[in-house]
Amino acid sequence: MYGVKMKGIGKAIPEFKLSNHDLAEFIDTSDEWIQTRTGISSRHISTGETTTDLAVLAGQSALIDGDIEPEEIDLVIVATVTPDSTMPSTACAAAKRMGIKKATCFDLSAACSGFIFASEIAVSFIRQGNYKKALVIGAEVFSKVLNWEDRSTCVLFADGAGAAVYTRSEQDQILNIVTASDGEGSDLITLPVLTKSNRFNPNEVSEAYMYMDGREVYKFATTEVPKNILDVLEGTNYAANDIDWFILHQANARIMDSIAKKLQVDKEKFFKNMDSHGNTSAASIPMALADVKEQFKPGDKIILSGFGAGLTWGSIFMIW
Ligand code: ACO
């Protein structure tokens, strides 16, 4: 078994910034409602940037940050639920543009837990010796699947990409990973796939927007995530209060505060950037890592935690 280290982190966002005030000009909402319920005040929205464009920019910035050449990468996983196409995978299309020529590339669908699930696969593969350097990217253009007349979702979600490189290493930085799913909650957050070409099927899906039962998802996140964080710490000789940084999926500031309270941990240890980025689903954790990494000190204890559609959830415990 090999040790694994995160070496190189990057992010990319579309240029166009959309504020809560801008949203209030075309739907019945207000800056006050969005800020107090979610902690979001603005987000970046694509005016043409594709999921692959953002994945490439985030991936390249992670490679530069880690001082890694594209040819060294032998595994690329893109976590996304908003790919540009289902064939080819975003991973294959992005790898080509990054100059990654000899890697195994595939996409992974686990919504807002996507980066954690993809990281678990990459870390396990490197541990077993199958690969040496894996590029894991979370990339989303949620704006293309939002119903811009549905104020319960269009004020929350946004576009962006984040990426991290995991490498084989003498020092093992990843102490534990615990992921889980519960298909019983599969109706709570949905995004159908458009189907319009089977002449024999009268029931094809001609309109496909994302839907979310926010209240139920809120209950799920504030119940399961604290338990999952305790699970990932179990057997490691560390308690929640020993952790220096909690880097959670950036869905909602109130969810984070509630999780901090349940764990009896200072909420200031929960990094937040949803204020200026909104909920970017699979991209949010690596984007948050890119924003906070300069503040990490060697030996800092870090929990990464994602939760979302499926339902899916999971955490990684690592030491910087
Ligand atoms: N502006 C103004 N009012 C609104 C808006 C809006 N944008 N959206 C909803 N409202 C209204 C509702 O109509 C409702 O009005 P009513 O009481 O007259 O019926 C009222 O505000 C309260 O609505 P709730 O849905 O109960 O609001 P809540 O306090 O639950 O906040 C929110 C909603 C922010 C979505 C919250 O439930 C939440 O954060 N849920 C979790 C979302 C999440 O974490 N998702 C992560 C996974 S996403 C993924 O995997 C892709």
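Every number for a ligand or one of its atoms is a count from 1 in the order of the listing. All values below were derived from every heavy atom in this structure, side-chain atoms included, with hydrogens, water molecules and symmetry-related copies excluded.
- For I255, every heavy-atom contact with ligand 1 shorter than 4.0 Å involves the side chain, none the backbone.
- Residues passing the side chain to side chain donor-acceptor pair (under 3.5 Å) test with E120 are T179, sequence neighbours excluded.
- For the side chain to side chain donor-acceptor pair (under 3.5 Å) test, residues two or more places apart in sequence or in another chain that qualify with D300 are W245.
- Residue F307 has at least one heavy-atom neighbour below 4.0 Å for each of these atoms of ligand 1: 44 (O), 47 (C).
- When only modelled atom types and interatomic distance are considered, S46 and D159 share no side-chain donor-acceptor pair under 3.5 Å.
- Between K269 and D244 there is no salt bridge, since no side-chain nitrogen of the basic residue lies less than 4.0 Å from a carboxylate oxygen of the acidic one.
- The N/O atoms of W33, backbone and side chain alike, include one that comes under 3.5 Å of an N/O atom in ligand 1.
- Looking from atom 32 (C) of ligand 1 to the surrounding protein, the closest heavy atom is N252 ND2, 4.5 Å.
- If you number the atoms of ligand 1 from 1 as listed, the ones under 4.0 Å from a heavy atom of V155 come out as 7 (N).
- Scanning the protein heavy atoms around atom 43 (C) of ligand 1, the nearest turns out to be V217 CG1, 3.5 Å.
- When hydrogens are left out, the protein atom nearest atom 26 (O) of ligand 1 is R215 NE, 2.5 Å; that is the closest non-hydrogen contact.
- Counting heavy atoms of neighbouring residues, nucleotides and ligands inside a 6.0 Å radius, atom NZ of K7 exceeds 12 of them.
- Protein heavy atom closest to atom 48 (S) of ligand 1, with residue, atom name and distance, is C112 SG, 3.3 Å.
- Below 3.5 Å of separation, one finds an N or O of R37 facing an N or O of ligand 1.
- The distance from ligand 1 to the heavy atoms of I189 drops below 4.0 Å at these ligand atoms: 47 (C), 48 (S), 49 (C), 50 (O).
- The heavy atom nearest to atom 11 (C) of ligand 1, out of those in R151, H249, M212, is found in R151.
- The A251 neighbourhood of ligand 1 comprises atoms 43 (C), 44 (O), 46 (C), with distances under 4.0 Å to a heavy atom of that residue.
- Shown are N228, L263, N176, L233; of these, the side-chain contact (heavy atoms from CB on, under 4.5 Å) with I303 is made only by L233.
- Counting heavy atoms only, T38 comes closest to atom 34 (C) of ligand 1 of the residues D28, T82, I34, T38.
- Closest to atom 40 (N) of ligand 1 among all protein heavy atoms lies G214 O, 2.9 Å.
- Close approach to R254 involves these atoms of ligand 1, each under 4.0 Å from a residue heavy atom: 28 (P), 29 (O), 31 (O).
- In terms of protein heavy-atom proximity, atom 1 (N) of ligand 1 is nearest to T29 OG1, 2.7 Å.
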>> Using the rule given for side chain to side chain contact (heavy atoms under 4.5 Å, CB included), can you reason through T167 versus K132, listing the C-alpha separation, both sets of side-chain angles and the distance that settles it, and then say yes or no?
In response: CA-CA 6 Å; T167 68; K132 286 185 183 154; over 6 Å; no
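- The ligand atoms of ligand 1 that sit less than 4.0 angstrom from a heavy atom of L156 are 35 (C).
- The aromatic ring centres of Y166 and Y131 sit 6.0 Å or more apart.
- Less than 4.0 angstrom separates some heavy atom of A111 from each of these atoms of ligand 1: 50 (O).
- At a 3.5 angstrom cut-off on N or O pairs, A309 counts as close to ligand 1.
- Counting atoms of ligand 1 from 1 in the listed order, those under 4.0 Å from a heavy atom of F157 are 48 (S), 51 (C).
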